[in-house]
Amino acid sequence: MFWRFIQAYLVPDVNAFAMANGCMRVFAGLMDQLSDDEVRGVIGHEIGHVKLGHSLTKMRTALLAAGTREGMAASGKGRASEIAASQIGGLAESVVNSQFSQKEELAADEYGYHFMVRHHYDPNAMVSMFKKLGGSGGLVSSHPASPRRVKNIETLIVKGAKKK
Ligand SMILES: [Zn+2]
């Protein structure tokens, strides 16, 4: 299995994210607001970002930026590998705060849909999850929701139902 573990942060924030090494974090606030299947939808979506390499690309970009800064401060000693060890906390933070593109969101949603179907969870939970998280901040700020994303999932569900 690609991702190593899922950890829950016992904080009221409504958020979740996947890191480039395959770790996943789900905030307790998210689990309070959503049904089990809706949380599974979020996790499937996050796994999609990891599997499709979105998180990795973001991490690499953040590493390069940090490497440039550190390289100047440490007069040439700022090798990317050393920085990765020393600044991983800060990097994780910047990855969390960076937005995925709409294209990445749609691709991760599609992955999430197939994740739900494969594990016999209700893919409709992804639609209700979008509706519940319709506001701003938290999960929505790093994974911008849009009517197009809802439509995308609904289309997949209709197509999937026809196949049966
Ligand atoms: Zn996303």
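In each ligand, atom 1 is the first atom listed, and ligand 1 is the first ligand listed.
A 4.5 Å side-chain heavy-atom check between M116 and D122 finds every atom pair outside the cut-off.
With sequence neighbours excluded, no residue forms a side-chain hydrogen bond (donor to acceptor under 3.5 Å, both in side chains) with E154. For the salt bridge (charged side-chain N to carboxylate O under 4.0 Å, His left out) test, residues two or more places apart in sequence or in another chain that qualify with R40 are D37.
Residue E46: no N/O/S atom is found under 2.8 Å from the Zn ion (ligand 1). At a threshold of 2.8 Å, the Zn ion (ligand 1) has no backbone or side-chain N, O or S atom of H54 nearer than that distance.
Under the 30°/60° scheme for interplanar angles, the aromatic rings of F115 and H119 are found to be tilted.
Take the Zn ion (ligand 1) as the corner point: the lines to OE1 of E105 and to NE2 of H49 open at 120°, to the nearest 10 degrees.
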